[in-house]
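The model shown is predicted, which means the values in this text are computed figures rather than measured ones. Nothing fancy with the numbering, it's 1 onward along the sequence.
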Amino acid sequence: MTTPDSPHDAPPKPAASTDTRPATDEASLRRPTNARPDAEASGFPARRRTAQSRGRQADDAALAEVRAIVADAGLAADQLIERLHQIQDACGALHPRHLVALAALMGLTPVQVYEVASFYHHFLILGDDEPVPALTLRVCDGPACTCAGADAWARALQEAAGPGQRVVRAPCVGRCEQAPVVVRGQYPVVALTAASQPDAALAAELQQGPVTHPLPLDDQAWFDPAAVAPCAITDGPPSVDAPDPHATIAPGYVGYRAYRERGGYQLAAAVVQGEMPADDVLTALEASGLRGLGGAGFAAARKWRIVREQPAPRLMAVNIDEGEPGTFKDRTYLERDPHRFLEGVLLAAQVVGTEAVYIYLRDEYHGCRALLQHELARLMQDPPCPLPRIELRRGAGAYVCGEESAMIESIEGRRGEPRLRPPYIAQRGLFGRPTLEHNFETLYWVRDIVERGAAWFAGHGRHGRQGLRSFSVSGRVRSPGVKLAAAGITLRELIDEYCGGMADGHTLYAFLPGGASGGILPASLADVPLDFDTLQPHGAFIGSAAVVVLSQADRARDVALDAMRFFAAESCGQCTPCRAGTEQAARLMQAPNWDHATLEDLSRVMVDASICGLGQAAPNVVRCVQRYFAHEVDA
């Protein structure tokens, strides 16, 4: 989730912080602000100490149950979301007895635990006597899956659902190149339309099969996109007749041993051990022009310098939430080449001087989580150099946590509500410390830029732009997937050169250049360069480069309405312009003829008064339809 005018990827260089609250001492780095005794520094009011707390008390059986589940896991307040996941994974849902018992064990109130659990979509809270669903099927309703027939699959599955089976519509699950997708438990069933159209028999068959994400079988794969760039990283849609159906969702990857044998971690070790000056890394990043690839496009080297100038101890947070509908590039790289990313993490940590790293991974990426846990364990067992503390944190289904301060709130164990700024997170971020925040892909390219030279990266580019961009392309093209192309490539060039052209029987009508928040542009703008700062004059932006291609079979107004409903569902509710504005806009957009004046009033208020990029960018789809597709919404 990004906005071009007020990027959340990094702040402007801050002046000295005026925040007068006491800095966190070293011993409290792992203790979130909501565990501090002073209410002013806390995310929650201080708990009143009485002889016996009011309300429901934890009974012995519930306490024993929760203790057995969490075992020796940490019970600091910043671990709340991790422990909620642990309980739900074990029990299938969260019951009041679990929440009350967990609160007692963690020293929180039941209200504090409930307000966090109820904020995130992936936590299922049931009454004490409510049965736990035996199976949950999540039907993706992202734009690519909707184009590929997800609505029909949702209806068929709902009709075929048996006792104890739950069918829900889910926001984009990050597998747009494999659309349509249904997630059975934690197992993604992909490319369903390629098999056949849904009917009762197929829907019933879909309810059978594995419910956990498989692990990859091959950890010796070759994957080095920099060596062959520009190139198509993946080509889809996947074949449903492939010999190994698991390979589509659990491809071979470069494991720790293979990565080390091919020169991996030599650069990080050289910098950590002082054999290469840290400033040489910064110089290379500056010369390459690398910008934040999570969407906002802030200069990476400048961000590193800003945080390095702040007082120690400093921390680092990595955003792999990747919730923007249409985006799947980070997943694609992570499940094939995790250590190139981790080496970028080590380089950033050393150059900036961060003592701990928190990796925030999207909950939908179950396979990536298992893979990353496995490879982090390998790295820590045989480290190539001294390592900072690295913690992997699990999201829980909240798009707004793509905003950097909301992600930090979530890591600290709270509701993912964006913070007001200043202070910027570079000054006072995670646990009150100066924090370097980065997207996965930005860090992924650090090693290659330093080893191959800044000119290698900057030498790519078209139409006056420079660098490489990873485009997540989905929708009405013959070969969707991640395409590593020159910055500044046009949509027409991207489709023709990397996607095999439009899908059979489809003609280009419109496209989303940056996911749901990036706006919708007409085919007449398919020759505009795709890069940071090139699309704003047209009312759109590139964001995370999630390109969804639409044809004459689609209507821009339908896509815009789906996007606005998504924003309304994902609003954290903290600020009225976003909370009420998205709901009102979605209601008005259902009318055959739009009330343009009222929609423009709502758009102006959301852009000007929303706290974060969600509300600020939500009106883009409205304004684009009014500007380019007025024939769809006027009589």
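Under the 4.5 Å side-chain criterion, counting only non-hydrogen atoms from C-beta, Arg138 is not in contact with Glu364. Taking 4.5 Å as the limit, some side-chain heavy atom of Asp219 sits within range of a side-chain heavy atom of Arg378. Counting only heavy atoms from C-beta outward, the side chains of Leu334 and Tyr253 never approach each other to under 4.5 Å. Side chains of Met316 and Leu443 form a contact here, defined as non-hydrogen atoms less than 4.5 Å apart. Side-chain contact between Leu508 and Leu491 is present, with heavy atoms from C-beta onward closer than 4.5 Å. Within the 4.5 Å cutoff, side-chain heavy atoms of Leu512 are placed close to those of Leu550. Residues Asp363 and His85 form a side-chain contact, since some pair of their non-hydrogen atoms from C-beta on lies under 4.5 Å apart. Between Leu484 and Val228 there is no side-chain heavy-atom pair separated by less than 4.5 Å.
Distance alone, capped at 3.5 Å, places no donor-acceptor pair between the Glu632 side chain and the Val625 backbone. Using modelled atom types, no side-chain atom of Gln165 and backbone atom of Gln207 make a donor-acceptor pair closer than 3.5 Å. Judged by distance alone, with hydrogens and angles left aside, the side-chain atoms of Glu375 form a donor-acceptor pair with the main-chain N or O of Tyr256 at under 3.5 Å. Side chain of Ser551 to backbone of Arg476: no donor-acceptor contact under 3.5 angstrom is found. Using modelled atom types, one side-chain atom of Thr582 and one backbone atom of Cys578 make a donor-acceptor pair closer than 3.5 Å. Listed for the Arg452 side chain is no donor-acceptor partner under 3.5 Å among the backbone atoms of Phe457. Between the side chain of Glu403 and the main chain of Ala406, a donor-acceptor pair closer than 3.5 Å is present. Using a distance-only test at 3.5 Å, with no hydrogens or angles considered, no donor-acceptor pair links the side chain of Arg462 to the main chain of Pro529. Using a distance-only test at 3.5 Å, with no hydrogens or angles considered, a donor-acceptor pair links the side chain of Glu570 to the main chain of Tyr399. Formation of a donor-acceptor pair under 3.5 Å by the Ser472 side chain with backbone atoms of Lys329 is found in this model.
Taken to the nearest 0.5 Å, the CG atom of Asp321 stands 8.5 Å off from the CE atom of Met407. Here the CG-OG1 distance, from Asp558 to Thr146, works out to 10.0 Å after rounding to the nearest 0.5 Å. The distance from atom CZ of Arg557 to atom CZ of Phe629, rounded to the nearest 0.5 Å, is 13.0 Å.
With respect to the salt-bridge test (charged N to carboxylate O, under 4.0 angstrom), the residues Arg262 and Glu343 do not qualify. Using a 4.0 Å cut-off between charged nitrogen and carboxylate oxygen, Glu261 and Arg257 do not count as a salt-bridge pair. In this structure, Arg340 pairs ionically with Asp448, as a charged nitrogen and a carboxylate oxygen lie closer than 4.0 Å. Taking the charged nitrogens against the carboxylate oxygens, Arg478 and Asp235 have no contact shorter than 4.0 Å, which rules out a salt bridge. Checked for salt-bridge contact, Arg291 and Asp533 meet the test: a charged N lies under 4.0 Å from a carboxylate O. Ion pairing between Asp151 and Arg169 holds under the 4.0 Å rule for side-chain N and carboxylate O.
Under 3.5 Å, the side chains of Tyr498 and Glu493 contain no donor-acceptor pair of N or O atoms. If you check the side chains of Tyr333 and Ser470, you find a donor sitting under 3.5 Å from an acceptor. Side-chain N/O atoms of Ser544 and Thr327 include a donor and acceptor closer than 3.5 Å. For Tyr365 and Glu322, the side-chain atoms include at least one donor-acceptor pair closer than 3.5 Å. Residues Tyr444 and Asp330 have side chains that never bring a donor and an acceptor to within less than 3.5 angstrom of each other.
Crowding of Gln552 atom CD: a count of heavy atoms from other residues, nucleotides or ligands under 6.0 Å exceeding 12.
Annotation: Phe440 is in aromatic contact with Phe341 [ring centroid separation under 6.0 Å].
Across all their heavy atoms, Val173 and Val181 have their closest contact at CG2-CG1, 4.0 Å.
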